[in-house]
J.: 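Sharing a structure here in structure tokens format.
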Amino acid sequence: MFQTGYPLHVMHGYVIPAREALEFSRLIHRVNPEMLSRIEMVNPARRALLPYAALVLEHIVRIARPKQVVISALGVREGLLYSQLPASERAKDGLIAAAQELNLLRSRSPRHGEELSDWTDRFMASSGIDETAEEKRLRRAACLLADIGWRAHPDYRGEQSLNIIANAAFVAVDHPGRTFPGACGVLPPRRPRRRRPLTACARTCVHAHARSCPRARRDAARRLPGVGLDAGRAAAMCR
């Protein structure tokens with residue numbers, strides 16, 4: 001992430017092309033160990049293990065030949081705990097469960113998020129707009145998270161909500177997916193203001209949207225990345 005300038009420091013769901021992962025792993029396990037000790041982004045206790053992990057990753061990619069490498073923040077410990085949950089808990093959608101928890105903790109009226117979700121269900125059903133199962137769950141998550149930034153000043157409420165959602169400990173969603181409920185909470189300011197540089201979360205919203213949307217990719221080819229583009233416009237690029 002640091003090497004490529006990726007704006008969001010959330011490991012879970014981070015996707016790397018297999019070729020880049022292979023090149024990076026070869027670089028890590030062949031570099032001078034003294035150089036690894038200077039990598040501040042990695043816990044000092046784990047720096048000495050980086051070459052071994054990189055060697056394992058190189059062999060996995062070389063033998064399995066995947067198209068992409070997807071990073072998971074969960075491991076054997078979480079898998080063991082998950083296996084001991086009741087079947088009813090394992091059947092829950094992890095994204096929706098996390099959104100419901102944030103809604104309960106931070107919203108003025110948690111019931112409003114549920115009512116908004118039900119209302120949009122009826123609206124989508126009556127509008128005739130096609131919606132995939134993944135789009136539906138993202139819309140539901142956006143409704144549940146719609147009011148979590150209400151304590152902030154109105155001029156910064158949308159930006160704070162975006163920061164919370166983009167960096168939240170969600171596990172059942174990828175990076176482009178988490179930007180959708182985040183972008184839904186970004187509203188234009190009430191009065192014109194001088195444009196400020198995009199925050200890291202807003203840049204991630206733009207970056208992820210551009211990767212997942214053909215129209216955004218075409219538009220990106222005709223402009224410099226990030227110039228004159230705010231988070232509100234990024235949320236409306238496909239409307």
Side-chain angles (χ1 to χ4, degrees), residues 7-8 10 12-15 67-68 70-72 87-150 157-188 201-221 229-239:
L8 185 64
V10 176
H12 189 81
Y14 182 58
V15 179
K67 293 182 179 179
Q68 296 176 325
V70 183
I71 307 299
S72 174
S88 58
E89 288 295 318
R90 294 200 302 269
K92 291 182 179 180
D93 186 314
L95 172 62
I96 300 302
Q100 289 173 332
E101 186 70 16
L102 271 177
N103 178 40
L104 182 64
L105 292 174
R106 302 186 67 97
S107 297
R108 280 171 290 190
S109 173
R111 184 178 177 181
H112 171 72
E114 298 288 352
E115 292 174 344
L116 181 61
S117 177
D118 294 340
W119 182 86
T120 57
D121 281 340
R122 296 192 296 272
F123 171 79
M124 293 300 293
S126 63
S127 66
I129 300 175
D130 293 332
E131 185 181 42
T132 66
E134 179 64 13
E135 290 170 342
K136 182 176 181 178
R137 68 190 290 267
L138 291 177
R139 172 174 56 79
R140 177 165 173 74
C143 293
L144 293 170
L145 299 171
D147 198 38
I148 63 172
W150 73 275
R157 192 169 292 164
E159 183 175 345
Q160 184 179 80
S161 297
L162 175 60
N163 288 330
I164 293 172
I165 296 170
N167 293 283
F170 297 140
V171 295
V173 65
D174 57 13
H175 285 196
R178 73 167 58 220
T179 61
F180 176 81
C184 286
V186 178
L187 300 176
C201 295
R203 293 200 311 272
T204 303
C205 174
V206 175
H207 176 80
H209 183 86
R211 292 176 59 183
S212 60
C213 173
R215 184 185 303 174
R217 288 197 295 268
R218 290 195 302 269
D219 290 345
L229 181 63
D230 55 28
R233 181 179 171 189
M237 290 173 74
C238 280
R239 294 176 185 172

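Just the heavy atoms: all of them, side chains too, but no hydrogens, waters or symmetry mates, feed the values below.
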J.: For the CZ atom of Arg178 and the CD1 atom of Ile165, what is their distance to the nearest 0.5 Å?
T.: 10.0 Å

J.: So, for Leu116 and Ala146, which heavy atoms are closest and what is the spacing to 0.1 Å?
T.: CD2-CB, 4.0 Å

J.: So does Val15 get a backbone contact from the side chain of His175, meaning a donor-acceptor N/O pair under 3.5 Å?
T.: no

J.: Any idea which heavy atoms bring Ala166 and Val10 closest together, and the distance?
T.: O-CG2, 3.7 Å

J.: How far does OG1 of Thr132 sit from CG of Leu138, to the nearest 0.5 angstrom?
T.: 8.0 Å

J.: Which residue pairs pass the side-chain hydrogen bond (donor to acceptor under 3.5 Å, both in side chains) test with at least one member in residues 121-130, sequence neighbours excluded?
T.: Asp121-Arg139

J.: Of all heavy-atom pairs between Arg106 and Ile148, which one has the smallest distance, and what is that distance?
T.: NE-O, 3.6 Å

J.: What distance separates Ile129 CD1 from Glu135 CD, expressed to the nearest 0.5 Å?
T.: 10.5 Å

J.: My understanding is that only one of Lys136, Arg140, Gln100 makes a side-chain hydrogen bond (donor to acceptor under 3.5 Å, both in side chains) with Ser117; could you say which?
T.: Arg140

J.: List the atom of Phe170, the atom of Leu102, and the distance in Å for their closest heavy-atom pair.
T.: CZ-CD1, 3.9 Å

J.: Test salt bridge (charged side-chain N to carboxylate O under 4.0 Å, His left out) on Glu114 and Arg111 and set out the steps.
T.: CA-CA 5 Å; Glu114 298 288 352; Arg111 184 178 177 181; over 6 Å; no

J.: Provide the full list of ring-ring contact (aromatic ring centres under 6.0 Å, His included) pairs with a residue in residues 89-121, sequence neighbours left out, each pair given once.
T.: Trp119-Phe123

J.: For a quick test of reading the model, state the closest non-hydrogen atom pair linking Trp150 to Ser107 and the distance between them.
T.: NE1-C, 3.6 Å

J.: Of all residues at least two apart in sequence or in a different chain, which pass the side chain to side chain contact (heavy atoms under 4.5 Å, CB included) check with Ala97?
T.: none

J.: Atom CG in Leu95, atom CG in Leu145: separation rounded to 0.5 Å?
T.: 7.5 Å

